[in-house]
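Before any comments, here is the structure.
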Amino acid sequence: NQDETGAYLIDRDPTYFGPILNYLRHGKLIINKELAEEGVLEEAEFYNIASLVRLVKERIRDNENRTSQGPVKHVYRVLQCQEEELTQMVSTMSDGWKFEQLISIGSSYNYGNEDQAEFLCVVSRELNNSTNGIVIEPSEKAKV
């Protein structure tokens with residue numbers, strides 16, 4: 001149906017049309033927390049916007065996976081190193097380890113005329129030992 005100005009009348013929920021319109025404007029999926037993603041999916045399917053349908057389905061799937069995994073646990077490690085080793089140690093962290101904190105513990109040794117500062121470096125990693133009942137082993141690099 002068209003009105004007197006030639007505009008088309010589409011009888012759909014304007015609440016769920018907002019994310020559709022914003023996606024068409026700038027290509028990003030932004031859904032307010034109070035909106036159900038399934039409602040946005042229905043609207044995307046109604047307007048036949050395939051790329052948006054894929055995005056919303058991915059988000060719904062990601063949220064379902066996140067809630068089924070339970071709370072995220074973290075493992076922390078404290079590494080002791082000297083000042084000269086610090087840059088290399090932080091730059092070579094891998095396998096999901098993330099730098100958390102650096103604590104200076106001073107120096108207990110004298111090397112010639114210079115004092116080498118010592119540090120404790122705290123790193124963390126999310127602990128995901130199993131996914132759908134399959135135990136995931138750390139890589140050889142992480143074991144070392």
Side-chain angles (χ1 to χ4, degrees), residues 1-109 114-144:
N1 295 334
Q2 286 182 306
D3 67 9
E4 63 279 352
T5 65
Y8 288 95
L9 173 64
I10 302 173
D11 188 19
R12 300 297 288 181
D13 187 346
T15 306
Y16 289 101
F17 184 69
I20 305 294
L21 185 58
N22 286 330
Y23 177 78
L24 293 173
R25 285 180 177 148
H26 49 73
K28 294 182 182 178
L29 175 60
I30 301 170
I31 301 175
N32 294 334
K33 292 180 181 180
E34 63 271 0
L35 286 182
E37 292 166 334
E38 290 79 7
V40 177
L41 177 60
E42 287 297 320
E43 292 301 303
E45 288 173 342
F46 175 82
Y47 292 107
N48 197 24
I49 307 171
S51 58
L52 181 57
V53 169
R54 277 192 303 277
L55 280 175
V56 176
K57 284 183 177 181
E58 285 176 20
R59 181 176 288 188
I60 291 171
R61 191 173 32 254
D62 288 347
N63 287 340
E64 288 172 353
N65 288 340
R66 212 173 293 127
T67 57
S68 68
Q69 290 176 354
V72 176
K73 296 180 181 179
H74 287 86
V75 175
Y76 291 90
R77 287 189 177 168
V78 179
L79 309 169
Q80 184 174 356
C81 64
Q82 295 178 349
E83 185 176 10
E84 63 189 23
E85 303 165 329
L86 187 61
T87 302
Q88 181 181 0
M89 184 189 63
V90 172
S91 66
T92 58
M93 282 191 306
S94 62
D95 291 310
W97 288 99
K98 181 175 87 172
F99 173 80
E100 293 288 340
Q101 185 176 9
L102 185 66
I103 304 165
S104 175
I105 57 173
S107 174
S108 58
Y109 302 104
E114 292 186 27
D115 223 6
Q116 285 289 321
E118 288 192 77
F119 298 93
L120 295 178
C121 183
V122 181
V123 295
S124 71
R125 179 180 178 170
E126 285 186 12
L127 180 62
N128 294 324
N129 283 339
S130 65
T131 304
N132 298 330
I134 301 169
V135 175
I136 301 171
E137 288 292 322
S139 70
E140 289 301 316
K141 189 172 185 178
K143 287 180 185 177
V144 173

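We use all heavy atoms of the structure for the numbers below, so side chains are in, but hydrogens, waters and symmetry mates are not.
Counting heavy atoms of neighbouring residues, nucleotides and ligands inside a 6.0 Å radius, atom CD of Gln88 does not exceed 12 of them.
In this structure, the side chains of Leu9 and Asp3 stay at 4.5 Å or more apart for every pair of heavy atoms. Using a 4.5 Å heavy-atom cutoff, the side chains of Glu126 and Val75 are not in contact. The side-chain heavy atoms of Arg59 and Val40, taken from C-beta on, include no pair separated by under 4.5 Å. At least one side-chain heavy atom of Glu100 sits under 4.5 Å from a side-chain heavy atom of Tyr76. Taking the side chain as every heavy atom from C-beta outward, Phe46 and Arg12 approach each other to under 4.5 Å. Looking at heavy atoms from C-beta onward, Val123 lies out of side-chain contact with Lys98 at the 4.5 angstrom threshold. You'll find the side chain of Met89 reaches within 4.5 Å of the side chain of Cys121, heavy atoms only. Here the side chains of Glu64 and Ile60 are in contact, with some heavy-atom distance below 4.5 Å.
Residue Glu58 holds its CD atom at 7.0 Å from CG of Asp62, rounded to the nearest 0.5 Å. Taken to the nearest 0.5 Å, the OG atom of Ser104 stands 9.0 Å off from the CD atom of Glu83. Rounding to the nearest 0.5 Å places CD of Glu43 at 12.0 Å from CG of Leu21. Atom CZ of residue Phe17 and atom CG of residue Asn22 lie 9.5 Å apart, to the nearest 0.5 angstrom. With rounding to the nearest 0.5 angstrom, the NZ atom of Lys33 is 13.0 Å from the CD1 atom of Ile31. Atom CG in Asp13 sits 11.0 Å away from atom CD1 in Ile20 (nearest 0.5 Å).
The salt bridge (Lys or Arg N to Asp or Glu O under 4.0 Å) search around Glu37 returns none, not counting sequence neighbours. Phe99 is linked by a ring-ring contact (aromatic ring centres under 6.0 Å, His included) to nothing, counting only residues two or more places apart in sequence or in another chain.
For the side-chain contact (heavy atoms from CB on, under 4.5 Å) criterion with Phe119, the lone passing option out of Leu102, Ile105, Leu79, Ile103 is Leu102.
Tyr23 approaches Ser51 most closely through the heavy-atom pair OH-OG, 2.7 Å.
Formation of a donor-acceptor pair under 3.5 Å by the Asn32 side chain with backbone atoms of Glu34 is not found in this model. Between the side chain of Glu45 and the main chain of Glu42, no donor-acceptor pair closer than 3.5 Å is present.
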Carefully, step by step, assess Leu52 and Tyr47 under the rule side-chain contact (heavy atoms from CB on, under 4.5 Å). CA-CA 10 Å; Leu52 181 57; Tyr47 292 107; over 6 Å; no
Steps toward side-chain contact (heavy atoms from CB on, under 4.5 Å) verdict (His74, Arg125): CA-CA 5 Å; His74 287 86; Arg125 179 180 178 170; over 6 Å; no
